[in-house]
Protein chains: 2
Amino acid sequence: MDGTTASSTQLLRQINSGALLRFALEEQVFTAGEAMGATGLTRATVLGVCDGLVDAGWLEEVTDGGEAGPALKGRPARRYRLREAAGVVVGLDAGEGHLTTIVADLRGRELAKRRQSIDSHALGRAGRVAGAQELIRQALADAGCDAADVLLTVVGVPAPVDADGRSPGAGEFWQLMNSGFDQHLDGAVTIENDANLAAIAEHAQEPSANVATLLSGERFGAGLIVDGRLLRGRRGGAGEMRFLDILSDSKLEPEEGTSDGFGALARKWARTLVRSYGGDTSLRRIPDEDITAEDVFQSAREGDPLALDIIARLGARLARIAVVLSSLLDIERVVIAGGISRAIEPVLERARTLLPADSGLPLPDLVASTFGAEAVVHGAIESALTQFRREPMAFLPRAIRR
Amino acid sequence: MDGTTASSTQLLRQINSGALLRFALEEQVFTAGEAMGATGLTRATVLGVCDGLVDAGWLEEVTDGGEAGPALKGRPARRYRLREAAGVVVGLDAGEGHLTTIVADLRGRELAKRRQSIDSHALGRAGRVAGAQELIRQALADAGCDAADVLLTVVGVPAPVDADGRSPGAGEFWQLMNSGFDQHLDGAVTIENDANLAAIAEHAQEPSANVATLLSGERFGAGLIVDGRLLRGRRGGAGEMRFLDILSDSKLEPEEGTSDGFGALARKWARTLVRSYGGDTSLRRIPDEDITAEDVFQSAREGDPLALDIIARLGARLARIAVVLSSLLDIERVVIAGGISRAIEPVLERARTLLPADSGLPLPDLVASTFGAEAVVHGAIESALTQFRREPMAFLPRAIRR
DNA sequence: CAGGTTTTATTTGGATCTTATATTTAGGTC
DNA sequence: GACCTAAATATAAGATCCAAATAAAACCTG
């Protein structure tokens, strides 16, 4: 049962154990009979597999008479349930300016959450890793467990990430963000692009085989799910949006600022336009260099014409993105995620009016994420759970404490 | 061994049989010892599985002493090989103006090929199906086999195709092209978009996990392979290129002619521009309505300025496509397929000069397909082989003739 | 040509696992 | 308490795989 070189005879047991464990993840308590229905195996086999899973530490038998079902006749069934102490998963959003971590049990229930601001550029790679280690340690303590309980950790970083967890060597920034967490966190560690994790979170909440999730606060990144699968690209570059400015200006050279998210754009445009704008605008009361995206959205809510103009520009930009994604990838739904998602509704409304209604083909829904700033870390948890569910037997449960 | 409801104990045998059969597909003849190395099973097990496969009709034992290897000592090994008579696969390119079919053995060797022009609009759906049936019948006869030998048939149609083989109901044209072949062809039938099949063909010839294949003669379609997998989209719409004209004109309404391929564009642009063009051009010697794409490419080879201008426009269009695909999907290679691929090199050269050299990120290679007009039908064969290789035991070999 | 060597096929026994059938068990019901 | 029920157990049988021993078929050697 060492997992690495399972002889061919043990393969079947592995498969059956995995199927049963997946079933256990969906049920609170279950009997052999229920598992028979779910797995198609015989009672004898199910009980044998359950015994093995109890021995391994994945399941525990429920002994307290407790609440047996309503109409129970016959010999009472043995009941099993997932052993809560088998382990937990950890999700970490390792952003540029903050760290957020969630510890969750194997069913995805949140056990603890911690958030902390950081200055990545002052800390450097090692400092980011150390900060994450400490934050996770605290969250694990909050949840009443420790590092040995962690079966796997998923980390989201604001950089393209290839299938091996590495970022392209070109960008200094990317190397700083993808700080080498995999060597220093607990359990199996997976590094993933933050927008991709946000996409996974949205996909889990509202399953739809073709969704694009735009993580669009300060920087711009998109997580693309097509045919139910996340797109990555060889260097992890799938979901980059550089083409936007390239195409619209009818030239092929990328521009500066092309990776700015809606938040950054709102701020920059406001600071630039507030000078040349002819009419009256409440934004002028704020010193140029202090205008934030939030100011713009707030002014727009109050009907300020310049702010509304900026909203309209953002809406046009979003509409262009939506049309390209819908046309090229048959995307059905575009989700705006990240902290900005709470204020983005006016931009969505504007964009919807710009989508061509008569093109014959269905248009994508434009919606705001309900996760707020926590989309990435929730996606990390979801990604961890998905990995675990796919191959639960690839992990080892925390040994039974005596 | 009926395959449908294999009891759990038989699952392992299924798996091992499949692995062994896959191995047999790659070897001409093989011994148990070789199969042991490939599958990791014991000699006794391998021989047992081989016996089963011989009984089922997948393998046959090689008995003629023949050419045993060079230095052979010891007891001669029993040798097996794939039973050629077990079956064939059929690929069909069901285009708008022609049908092309290839019959291939399970190793992918071409046994017969037939091509025929058709008038789809005169024939209608039923006529297209009947034409395909007859053409395949002839090709099967050429190959010395009949309908009962066909394990599966893959059909490429110029329409979006969803995972169930259906095309969106909106377009009359699409319904005509996707003519309902699945009910009337032999073996298991898969319907697929033609550009997707071309992409599969290119992917098989030059494996690269991220390729876009543009099937770009009369109509425009792209097959996208990202992370080694074909993108489809819920309605099969992945790979549509409507966004091109939408974006470049800074408006969101699609235009007429936006689905034209390079061939159609060359012809249309030539017919329009030949009138307004100021200079001298050899295209003017041809009556407007008779100019073909081939005339344009021919004139360009002779240095005609108008033709060269059209080539440059096509090159710019291709460069824009390449930049978008590279940026959004991390595509590494863009292949131009279809009949036009033989003449497309000047356009590729032009496009390469337009790609931004200093964008920091790698740029996609632009290459012409080597399949010419047969990319789709070769992709159909390749797709059939891939399906077969994935789950060979899901098919039944043609019974042994007595 | 007898015997040795080498390589493989075949046989045999043991272990594991699934299935099917029969038996036992723990409760409820009349 | 007799009876019923549904589930757990026990038992037997079949299938599969592996490991080791045995047998066979070719070649090589002297």
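Phosphate contact (OP1/OP2 of D:dA7, side-chain N/O of A:Arg78, threshold under 4.0 Å): absent. Side-chain nitrogen and oxygen atoms of B:Arg13 include at least one within less than 4.0 Å of the OP1 or OP2 phosphate oxygen of D:dC17. A:Asn16 has a side-chain polar atom (N or O) that falls below the 4.0 Å cut-off from OP1 or OP2 of C:dT18. Contact annotation: A:Thr45 side-chain N/O to C:dT19 OP1/OP2 distance is under 4.0 Å.
Electrostatic pairing of A:Arg137 and A:Asp186 does not count as a salt bridge here, judged by no charged N lying under 4.0 Å from a carboxylate O. Remark: B:Asp227 does not engage B:Arg229 in a salt bridge, criterion side-chain N to carboxylate O under 4.0 Å.
Within the nucleic acid shown, A:Ala32 comes within 4.0 Å of sugar-phosphate atoms alone, with no base atom in reach, counting heavy atoms only.
The listed nucleotides are D:dA25, C:dC17, C:dT19; the one nearest the side chain of B:Pro76 is D:dA25. Comparing C:dT19, C:dT18, C:dA9 by their nearest atom to the side chain of A:Ala44 picks out C:dT19.
Residues B:Val90 and B:Val150 are in side-chain contact: their nearest non-hydrogen atoms beyond the backbone lie under 4.5 Å apart.
Between B:Gly40 and A:Met36, the one whose closest nucleotide on DNA chain D sits nearer the 5' end is A:Met36.
The distance from atom CZ of A:Arg79 to atom P of C:dA26 is 16 Å, rounded to the nearest whole Å. Distance B:Leu41 CG to D:dA19 P: 11 Å, rounded to the nearest Å. What separates CG of A:Asp51 from P of D:dA8 is a distance of 11 Å, to the nearest Å. Note: CG (B:Leu20) to P (D:dT16) measures 15 Å, nearest angstrom. If you measure from atom CZ of A:Arg43 to atom P of C:dA22, you get 16 Å, rounded to the nearest angstrom. Atom-to-atom, CG of A:Leu11 to P of D:dC18 comes out at 11 Å; the value is rounded to the nearest Å. One interatomic measurement links the two molecules: CZ of A:Phe30 to P of D:dA8, which rounds to 11 Å at whole-angstrom precision. Atoms CZ (B:Arg75) and C1' (C:dT8) sit 6 Å apart, rounded to a whole Å.
Separation of the A:Phe388 and A:Trp58 ring centroids falls under the 6.0 Å cut-off.
With 3.5 Å as the limit, one finds a donor-acceptor pair spanning the side chains of B:Thr190 and B:Gln387.
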